[in-house]
Amino acid sequence: MPPSSNNKKKTRKKKRNGSGNESASSSGEVDLNAEVYEALTRLADSLAQLDERRDPLPTVASSTSPSSTSPTAHDPPQSPVGGRNEGNEGGGKNSAENNITEHVASLKIQPKEEATSGKTSTTEDIKHGNSNDNALSETENIFSTPLPLSHWRVLTTEVEAAYKLLNDGAEYIHATSTKYALVGKVDSKEGGNLAVELRKGAELIGTGTLLLFSPTSGASRSLRHYVKQSSRAVIASVLSLIQSFEDGSAVKGVTFVDVKNTTSNEKKIHDNPNNVAAQKTGAVWSACESLQRSLPKGNRAAMRRELMVWVRDCKESIEEFEEIIELGPKLDSVSEGGGDGSNDRFVHEFQVDEQYSEREIGVAKAAVNVMKCSKNVLGLALKACECVGEKISEVPSTEKKITASDGNEHSAQNEVEKKEQNEDMLQWISNLHELAREVGEGVTDFGILLYPPIDLTESNEGGCLKEDATSRHNGLVIPNLGTSKVGRCLQHQLNRLADCVMYIYDGTLSGSRESIQSCMSGEVTELTVKMTKAIQVRGTEVEQSIMSTA
């Protein structure tokens, strides 16, 4: 007997309420949700492995054919929002367009078995020392190889193209995610088609990120950090949205196995209020809007933001430890008073955890003064970068050859010299910023050791760095602060402060060997002299405070 119409309705209803996997497999259809989810997972892993500190290794083009949904080298990337990118027309932007298409080709999201067929470095390989990148196994020396910059205020054509890809991708995902959340509840097949559209937006974001990580983009470590952070947030939110439809949690009355809360294969019915999809979509919107509105534009904005973050961290650490110091030294013994002394014991136990001893408080005060000095040096570095950045003049872009075809050889030579000088200034800014990074991160390193009780035990192990000898920086002397962990970290921090200040005080441009002081304002020059004296005083204070604990 043929099934009744009621049974047919129940069957269709069951397929709509299922996770989508059963209906897709039973009908022989491709589960686009699962396919896109796997593809975006591989993209997320690729973005996670991008190294902000160095240029990526050259990638070998895959022999597999490009995905039908991805732009190719023969098809310049299109903006899903407004057709082809408007800025790609004209001879002046051919180089940027070529770079984009190369990165789109390298972004091909292959099936897992194809993606892992080549010998590439994974997170586990790096962790166990099996990476192909020999540089990863070497001792870090960030200052020896700071990233070269291509711009300061004015973005290059390639960087502008990368930002357009990022913005277009975010805008496309923002619009498509709403349709996906609404349609996916009633039609899994159409929802899968919209998942493919989400992947297109993700590919644009991935391409823009890779473009900014390329050596030719001249993006700073700071810019790479913020781009990677924003793009990963968008991809992660899209993955979470698609997963909610894959496991059925976004569909009301769905039947699925709750792996976390059951020890058997028993299926549980979850009748949720049907707001999971709305929550996931809201997370996608938030990530996309953050990328479009909060991502710093160019090297100057990104590097200034990072410097200000370190200044803020210094300020918060100073306030925190000054509050502890204001409590005064803790009592050596429980006060003798009336009663059973239970209240005194409670106060004493609290003081042990939250206050310094008489022996420690001098070291803490000296260390906080080093924090204040670090904050001021970071502010000095920020001003110095601005001074040098103001001197960087506009020259013809790299796409336009500087020649003497017009007969004016002197003019062409001036342009070449100006371009080389700009490159020297940009490299100086990059070098100084890496020195400032060590200062900013160093405050956190020795700040962790300042929580009471402070370990002042002399030891040959631990500490920030083994700097047992007195250090000299062109007349600026940093004393030997012993072998305790806190002493070594403070000595390391004082050396980093001296490196940073002296690089501003007597730094030179690598090409012309011209002193960088010609770029500095009177305020920066005066502050440099003051900070040189302040570092010397702070070093003496820390040395005396540590010696008094012996």
Side-chain angles (χ1 to χ4, degrees), residues 31-53 56-57 59 62 64 66-67 69-71 80 103-118 120-127 131 133 162 165-174 176-177 180-181 192 194-214 223-247 249-250 279-292 294-295:
D31 187 353
L32 292 178
N33 270 325
E35 188 178 274
V36 171
Y37 183 83
E38 291 179 4
L40 293 186
T41 299
R42 290 191 291 275
L43 174 58
D45 291 341
S46 298
L47 294 178
Q49 293 180 29
L50 289 175
D51 194 340
E52 303 163 6
R53 298 166 295 179
L57 294 175
T59 55
S62 171
T64 57
S67 169
T69 60
S70 302
H103 284 285
V104 171
S106 70
L107 188 66
K108 289 186 293 240
I109 306 176
Q110 308 163 9
K112 186 177 296 184
E113 59 273 11
E114 295 177 359
T116 57
S117 60
T120 57
S121 301
T122 63
T123 305
E124 290 299 317
D125 290 333
I126 295 172
K127 190 182 298 183
S131 170
D133 186 2
L165 285 171
L166 290 167
N167 289 326
D168 285 352
E171 187 174 347
Y172 194 50
I173 289 175
H174 188 288
T176 307
S177 61
Y180 176 78
L194 287 170
V196 173
E197 297 301 310
L198 287 173
R199 186 177 73 173
K200 290 181 181 179
E203 286 176 349
L204 286 174
I205 288 178
T207 304
T209 303
L210 286 176
L211 191 57
L212 287 172
F213 269 77
S214 69
L223 179 55
R224 294 182 181 197
H225 167 73
Y226 289 116
V227 168
K228 178 180 176 180
Q229 185 181 65
S230 298
S231 61
R232 290 186 67 194
V234 173
I235 303 303
S237 65
V238 174
L239 277 170
S240 181
L241 175 61
I242 295 176
Q243 185 182 30
S244 68
F245 283 90
E246 263 300 281
D247 61 22
S249 59
Q279 293 173 356
K280 302 290 185 182
T281 305
V284 173
W285 288 2
S286 177
C288 290
E289 290 170 359
S290 178
L291 185 149
Q292 292 178 295
S294 302
L295 180 63

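Sequential numbering from 1 along the given sequence is applied to the chain's residues. Given the structure is predicted, the values throughout are model-derived calculations rather than measurements.
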Exercise. So, does Ser240 use its side chain to make a donor-acceptor pair with the main chain of Ala236 at under 3.5 Å?
Worked result: no
Exercise. Okay, side chain of Ser294, backbone of Leu291: is any donor-acceptor separation there less than 3.5 Å?
Worked result: no
Exercise. Out of curiosity, Leu47 CG to Ile205 CD1, how far, rounded to the nearest 0.5 Å?
Worked result: 9.5 Å
Problem set entry | Atom pair CZ/CG of Phe213 and Leu223 - distance to nearest 0.5 Å | 8.5 Å
Exercise. What distance do Thr281 atom OG1 and Leu241 atom CG have between them, rounded to the nearest 0.5 Å?
Worked result: 5.0 Å
For this session: State, with a plain yes or no, whether a side-chain heavy atom of Glu35 is found less than 4.5 Å away from one of Val196.
Result: no
Seminar exercise, completed: CG (Asp45) and CD1 (Ile235) are apart, to the nearest 0.5 Å, by 11.5 Å
Problem set entry | Flag side-chain contact, heavy atom, 4.5 Å: Leu295 against Asn167 | no
Exercise. Does any donor atom in the side chain of Lys280 or Ser244 lie under 3.5 Å from an acceptor atom in the other side chain?
Worked result: no
Exercise. Of the non-hydrogen atoms in Ala202 and Leu43, which two are nearest, and what is the gap between them?
Worked result: O-CD2, 3.6 Å
Seminar exercise, completed: Separation between CD (Glu171) and CD (Glu289), nearest 0.5 Å, reads 11.0 Å
Seminar exercise, completed: Correct closest heavy-atom pair for Arg224 and Ser214 would be NH2-O, 3.9 Å
Exercise. Do the side chain of Ser290 and the main chain of Ser286 share a donor and acceptor less than 3.5 angstrom apart?
Worked result: no
Problem set entry | Donor-acceptor contact below 3.5 Å, side chain Ser177 vs main chain His174 | yes
Exercise. Regarding Asn33 and Tyr180, is there a side-chain donor-to-acceptor distance under 3.5 Å anywhere?
Worked result: yes
Exercise. Quick one: does Ile242's side chain get under 4.5 Å of Leu40's, heavy atoms only?
Worked result: yes
Exercise. Does any pair with a residue in residues 226-237 pass side chain to side chain donor-acceptor pair (under 3.5 Å), and if so which ones, sequence neighbours excluded?
Worked result: Thr209-Ser231
For this session: Measure the spacing between CZ of Arg199 and CG of Leu194 and express it to the nearest 0.5 Å.
Result: 13.5 Å
For this session: Mind listing the closest non-hydrogen atom pair of Thr176 and Tyr172 along with its distance?
Result: OG1-O, 2.7 Å
Exercise. Cys288 and Ile173: which non-hydrogen atoms are nearest, and at how many Å?
Worked result: SG-CG2, 3.8 Å
For this session: Side-chain contact test, heavy atoms from C-beta onward, threshold under 4.5 Å: evaluate it for Leu210 versus Leu50 and give yes or no.
Result: yes
Problem set entry | Stepwise salt bridge (Lys or Arg N to Asp or Glu O under 4.0 Å) test for Lys200 and Glu203 | CA-CA 5 Å; Lys200 290 181 181 179; Glu203 286 176 349; over 6 Å; no
